[in-house]
Amino acid sequence: MGGVGKSLEKTYKKSTDTKHVEILAVLQTVTNYPCLNATRIAEKLQVNPGTVRWHLKKLEEKHLIESVRQGGKIVYYTRGFVVREDVEDIGFLQKPEVRILITRIARAHGASKKGVLDTLEMNKPSMAYVYIQHLDNLVDKGFVRVLKDRKMNYYYLTDKLFKLYKKYSEIEVKIGSAAVRNFNGILPELQPGARAALEEMNFREGGMVILITAPFPTPGLLAEYKLRLNPLWSYQEVIQPE
Amino acid sequence: MRKIKSGVPGLDEILDGGLNEFSTTTVIGCAGAGKTTFALQFIKKGLETGTEGIFITLDENKEQIIKEAVAMGWGEILDFLDEEKLVFIDATGKEFTNFIKKELPDFVATWRGVGARIAIDPLTPVIWATKDLYEQRELLSFLMKETRKIGTVLCTLEEHGPAGNLTGAETVLPMYLADCVIHLRYRPLEVKPYRTLKVIKYRSSRHSENAHHYRFLKNIGLVVIHSTGETFPGGKLPEPMRVEILRELGTLPKEKHGKLVKLLDSLTMKDIEGIELNILIERLREYFE
């Protein structure tokens with residue numbers, strides 16, 4: 001039998017092919033940062049948005065990810081990790097300014113509008129407008145409520161927000177703790193798309209990916225495996241429901 | 001186990017006939033010791049005997065190594081490359097690590113037992129691709145276990161720290177995991193530089209325990225020159241000694257006697273060097289009783 005060397009060369013080239021590596025990076029980003037659009041995924045990866053769109057299309061064809069049109073933009077998430085009805089909320093809560101606002105309100109539970117906005121660093125006057133808009137949106141969506149006392153408005157986080165966190169914490173605990181037990185053991189518990197995505201990435205990272213890709217890892221898990229923090233999760237640390 | 005020629009003149013004798021087929025060998029040495037040359041000679045011998053060669057290079061690029069091989073007087077390397085009998089793979093530590101984890105098992109499943117010669121030069125970047133010691137060990141053990149299913153593997157390893165110090169993590173791990181470890185000791189900074197080669201371990205084979213001088217010869221590469229007065233593997237036991245042992249242990253039952261004769265046939269003078277005859281007889285008696 002001949003040709004073992006040539007075959008190895010071919011296999012090796014395939015494994016180091018940039019396209020192959022890129023598509024996995026896109027999949028990992030969609031999993032780590034659910035509900036972003038192609039442009040923002042491209043920003044995170046510092047790749048051409050066209051390339052990202054092409055990979056997203058391929059991933060969607062293989063049912064590894066799903067997309068939904070939302071306010072004129074198409075956002076993506078890994079199948080099985082995000083419940084479709086929450087896509088809009090998670091997409092909104094992912095915005096950096098919204099995250100900052102929630103963190104501030106959580107720190108000073110019952111802060112006034114002035115109190116919330118004063119602590120923010122605003123380089124441009126237009127930023128104040130963006131924050132006020134987002135604060136109003138938070139109230140509209142029911143994540144923050146306003147209590148009026150004479151002429152002052154005081155802001156509080158609502159149960160709706162905590163319930164959303166709790167819901168995803170439970171998904172995470174299920175995925176996370178199962179992962180600690182045994183990676184293979186959890187596979188049947190997941191939807192097929194998420195399963196394929198996990199298997200794919202797990203090979204690449206030598207078994208640790210599942211913990212990274214759990215959408216809301218608990219501090220314990222992160223500490224145990226010295227993993228980086230999921231950005232969606234980061235404000236959960238600050239907010240403790242009363 | 002079948003022995004195959006190592007490609008280094010004089011080395012096969014030290015290794016009791018050559019390298020075991022389907023095993024992994026690690027060659028350790030500092031800069032200038034001749035690790036890459038060793039690997040090239042190993043691949044060359046295989047190609048000359050009709051075995052395919054795979055040279056995985058992690059430091060230098062393919063062209064550089066081919067150039068060196070041609071300069072070494074091995075012009076035929078170009079023919080082997082044309083015929084695709086020899087393949088070079090330019091790898092980096094991280095990429096190769098990914099390859100090992102992801103693609104290697106499938107690849108091995110397809111090509112198991114084909115009997116190619118594989119050289120990995122050097123292995124050090126693969127070890128350094130992960131920081132975690134446990135992961136390093138797992139990865140290396142997996143690499144060695146899997147690749148030797150395809151053929152005979154030779155990895156080279158850089159020696160870090162003071163010359164002759166083999167206690168660093170990047171040398172200790174592969175030494176434990178490989179089937180055969182050959183240490184190329186080179187002291188370039190002495191007034192009169194000298195090079196010696198020593199077999200540190202060799203699973204399921206005899207090997208010389210001495211250090212042997214080696215030299216670079218033009219158009220050949222590494223050549224081992226035996227240290228004075230040493231013969232290896234040494235001749236068979238002289239007849240009078242054989243007769244004496246058989247007479248002393250004459251009371252053994254027939255079946256055990258057969259085993260003893262077989263053992264005496266396989267022993268060489270080298271094996272029993274420095275053991276007094278009466279002590280040898282005592283030990284054999286204890287073993288067979």
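Proteins come first, then strands; the chains are lettered A, B, ... in the order of their sequence lines, and each starts at number 1. Both backbone and side-chain heavy atoms feed into the values below; hydrogens, waters and symmetry mates do not.
For B:Ile118, no part lies under 4.5 angstrom from a heavy atom of chain A. For B:Asp106, no part lies under 4.5 angstrom from a heavy atom of chain A. Both the backbone and the side chain of B:Phe96 come within contact range of chain A, with heavy atoms under 4.5 Å apart. Interface remark: B:Glu95 contributes backbone and side-chain atoms alike to the contact with chain A (heavy atom separation under 4.5 Å).
Below 4.5 Å, heavy atoms of chain A meet no heavy atom from residues 123-132 of chain B. Of all residues spanning residues 63-81 of chain B, none has a heavy atom less than 4.5 Å away from chain A's heavy atoms. By a heavy-atom distance cut of under 4.5 Å, not one residue of residues 34-47 of chain B is near chain A. Residues of residues 139-155 of chain B that come closer than 4.5 Å to chain A, counting heavy atoms only, are B:Ile150, ordered by residue number.
Heavy atoms only, all atoms of each residue included: B:Thr92 and A:Tyr12 are closest at N-OH, 3.6 Å. Between A:Val4 and B:Phe107, the closest heavy-atom pair is O-CZ, 3.5 Å. Residues B:Val87 and A:Lys6 approach most closely at CG2-N, 3.6 Å, considering heavy atoms.
Within the 4.5 Å cutoff, the side chain of A:Thr11 has heavy atoms near those of the B:Phe99 side chain.
Atom-to-atom distance recorded for B:Glu84:CD and A:Ser7:OG is 11.5 Å, nearest 0.5 angstrom.
The number of heavy atoms from other shown groups lying within 6.0 Å of OH (B:Tyr176) does not exceed 12. More than 12 heavy-atom neighbours from other residues, nucleotides or ligands sit within 6.0 angstrom of NZ on B:Lys201. Residue-environment remark: NZ (B:Lys94) stays at or below the threshold of 12 foreign heavy atoms within 6.0 Å.
No donor-acceptor pair closer than 3.5 Å links the side chain of A:Glu9 to the backbone N or O of B:Ile89.
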